[in-house]
Protein chains: 2
Amino acid sequence: MVTIREVAAHAGVGAGTVSRVLNDSGHVSPATRARVLDAIEALHYRPNPLARGLSRGRGQTIGVIVPFFTQASAIERLRGVVAALDGSPYDLVLFDVESPTHRAEHMATLTRQRADGLLVMTLPVRADDLHRLADTGMAIVLVDSSHDGFPAVVTDDVAGGRMAAEHLLALGHRDIGFIGDAPDNPFGFTSSAQRELGFRQAHDDAERVVREDLVHHGAHQRDVGYALAGRMLAGDEPPTAIVCCSDMQAVGAMEAARDTGLSVPDDVSVVGFDDIELAAHVGLTTVRQPLYRSGELGARLLLEALGAHPPEPGVHELDLELVTRTSTAPPGVRR
Amino acid sequence: MVTIREVAAHAGVGAGTVSRVLNDSGHVSPATRARVLDAIEALHYRPNPLARGLSRGRGQTIGVIVPFFTQASAIERLRGVVAALDGSPYDLVLFDVESPTHRAEHMATLTRQRADGLLVMTLPVRADDLHRLADTGMAIVLVDSSHDGFPAVVTDDVAGGRMAAEHLLALGHRDIGFIGDAPDNPFGFTSSAQRELGFRQAHDDAERVVREDLVHHGAHQRDVGYALAGRMLAGDEPPTAIVCCSDMQAVGAMEAARDTGLSVPDDVSVVGFDDIELAAHVGLTTVRQPLYRSGELGARLLLEALGAHPPEPGVHELDLELVTRTSTAPPGVRR
DNA sequence: TTGAAAGCGTTACCAC
DNA sequence: GTGGTAACGCTTTCAA
């Protein structure tokens, strides 16, 4: 590999001068600058990012920690991140987290030198981990979670849960099922609990009682939605509508309905959460989360924090929006 | 930040000894080893990967270069990569390529120190770039493209094109449209051309003539499929079936059919390519590509090449498979 | 404007 | 087994 010293020798200058040219640090005469540039070209010189990083104390990388890279919603957020980072001088390193152990490992080995900035997606992270990292000078932005003192991009999940329930209540539904994350899930995700809260508030406001026997919990996967919805629909007093905390669960619920011989939305309405691409294709009414934009904004905030500008510790709230499609309708007259 | 020297001082040993403990290089007495470990724990020491990388000449990172991170098929491949890399000591850095310029930039700045290994997905890369990189000792694996002397994971696109066409010909279709990549697309993708070749071979074998007026080219996007299929279907002698080179194009084609007042598959059959998740949901008959597995295998091969084992330059071919769903049927009797 | 040299934190080699 | 000490390739003072 060709080093800066060889370039310097070739150009008849010192290594420092080459460095100055490389980094546009100024104070280099046009003539020498040209000679150096020629030498770089002639020798096909490429700076060694490791050496540069060691010397400067930063490696020009941004870490993105994503839970469940396998899930469509995670991908959608990441798309926004990739788009925002395009053209920036930072490399994107991906940390996938599929289990709490995973998360702990990453947090343990993460250091300032491993990443100049960190984008934490969705995952609740321990406050001491966050502060330890921040204290070493790492820039941190939270997306879809929040912590005092850290810039964050969030949505109002309570409002989201409300939207879903209000839509169904307004249509005339009274027996509404709910499928969300377990409140004591191993990662400590809270958004689902928030949505459930909103779901309950909407009932209260409408002076309706939540059918507690129709409130179930499980992971954000299709088979989970299928199983839980299937059980509800097979019960004695089945719901006329079901709210799910993810589109994948909702798609599973729709399949369960069909497999039970019920039609959507005639016999049972289904509402999802996220608005992933699939939702439009299956006509799912859902609470749209600005997934792409949250990733994009998070990355932009991180770049800002990494820049000379003062880091903005503000919490940026993005709006949720109910998208009405064909999976919801007034309760059927048949029953 | 706490350095190896401070740990050494704390433990009352030399820096070299700490390093040996860190890397399990042996030749350290259990007693000193314990003292060092204690010091590490007490000081919360974490090795600086930049320094380590500079010293060792490798940064423990794998670069993945992915065209169109925005496309479902790219994501699916990446999922396999992430899964295969999980648990390995390598960090995954993502290079998204959305344009030939992008590609050139990445190839220009890529060096051995930027990534120990490189996984090139789908993208045709210039031979000299490949060799330059390989010459510096970078391990390289190609997924969905190939080059002499490089390990690669491929599929038989000609066979894939054949499958699609044979399926439709066997159903009795005679006027079959084809939508693929432009042969002179800016990236130099060739898989679509291969599929077209297979499509033609199937016609030849069945002693059928390809309806050249129904062969069109465009990008792998839904709107492209929509536009091209719409044009075909509005023509004087519309096709009774259409083969698309991606599922997104196929979904667009299905939409075009519906918007033209045609039903799928009664009036027109549609075949896609890839079998992304969406395909199952819309009942699309498609040629399944082992996307996930190709990424996974590619990553595994790369890890192998990075290990002590001899790098396997073999080409690994993964099988394509026709998945029959409800978007194809014999040509309608109505016409 | 420029060159020389001192780090940056590790690893790895060489004596002891 | 262990400590000392060159590298690794770059940036950044500090003089000149």
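Note that the structure is a prediction, hence the values are computed from the model and not measured. We name chains A, B, ... by the order of the sequence lines, and we start the count at 1 in each one.
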- Query: Quick one: CE on A/Met107 to CG on A/Asp129, what's the gap to the nearest 0.5 Å?
  - Reply: 4.5 Å
- Quick one: salt bridge (charged side-chain N to carboxylate O under 4.0 Å, His left out) pairs with a partner in residues 13-27 of chain A, sequence neighbours left out? A/Asp24-A/Arg33
- Item | Helix axis bend for the helix from C/dT1-D/dA16 to C/dC16-D/dG1 - C1'-based end axes, five pairs, 10° rounding | 40°
- Item | Residues touching DNA chain C, which here means a heavy atom under 4.0 Å, drawn from residues 29-43 of chain B | none
- Determine the minimum heavy-atom distance between A/Leu54 and B/Ala51, stating which atoms define it. CD1-CB, 3.7 Å
- SB check B/Arg293 B/Glu296 (cutoff 4.0 Å): no
- Item | Residue pairs fulfilling side chain to side chain donor-acceptor pair (under 3.5 Å) with at least one residue in residues 139-148 of chain B, sequence neighbours excluded | B/Arg77-B/Asp144, B/Thr122-B/Asp144
- Euclidean distance, B/Leu142 CG relative to B/Leu301 CG, rounded to 0.5 Å: 11.0 Å
- Query: With distance as the sole test, does A/Arg35 use its side chain to make a donor-acceptor pair with the main-chain N or O of A/Val13 at under 3.5 Å?
  - Reply: no
- Checking A/Asp116 side chain against A/Gln60 main chain: does a donor-acceptor pair fall under 3.5 Å? yes
- The side-chain contact (heavy atoms from CB on, under 4.5 Å) partners of A/Thr190 (sequence neighbours excluded) come to none
- Query: If you look only at pairs with a residue in residues 91-144 of chain B, which of them pass as a ring pair (Phe, Tyr, Trp, His ring centres under 6.0 Å), with sequence neighbours excluded?
  - Reply: B/Phe95-B/His106, B/His102-B/His106, B/His131-B/Phe150
- Query: Taking all non-hydrogen atoms of both residues, which atom of B/Leu43 and which atom of B/Val2 are closest, and how far apart?
  - Reply: O-CG1, 3.6 Å
- Query: Going by heavy atoms closer than 4.0 Å, what residues in residues 15-26 of chain B are next to DNA chain C?
  - Reply: B/Gly16, B/Ser19, B/Arg20, B/Asn23
- Query: Does A/Asn48 use its side chain to pair, donor to acceptor, with the backbone of A/Leu50 at less than 3.5 Å?
  - Reply: yes
- Query: Of all nucleotides in DNA chain D with an atom under 4.0 Å from a non-hydrogen atom of chain A, which is the first and which the last going 5' to 3'?
  - Reply: D/dG9 to D/dT13
- Query: Near DNA chain C, under 4.0 Å by heavy atom, which residues of residues 48-60 of chain A?
  - Reply: A/Leu54, A/Ser55
- Message: Could you tell me the boundaries of the chain B footprint on DNA chain C, defined by atoms under 4.0 Å from its heavy atoms?
- Response: C/dG9 to C/dC13
- Note on the structure: Taking every heavy atom of A/Met138 against every heavy atom of A/Thr111, the minimum-distance pair comes out as CE-O, 3.3 Å
- Task: Please determine, by modelled atom types, if B/Arg114 and B/Thr109 share a side-chain donor-acceptor pair under 3.5 angstrom.
- Result: yes
- Does B/Asn23 reach the main-chain N or O of B/Ser19 with its side chain, forming a donor-acceptor pair under 3.5 Å? yes
- Message: Show every salt bridge (charged side-chain N to carboxylate O under 4.0 Å, His left out) that has at least one partner inside residues 3-15 of chain A, sequence neighbours left out.
- Response: none
- Message: Strictly by ring pair (Phe, Tyr, Trp, His ring centres under 6.0 Å), give each pair with a member in residues 42-82 of chain B just once, sequence neighbours left out.
- Response: B/Phe68-B/Phe187
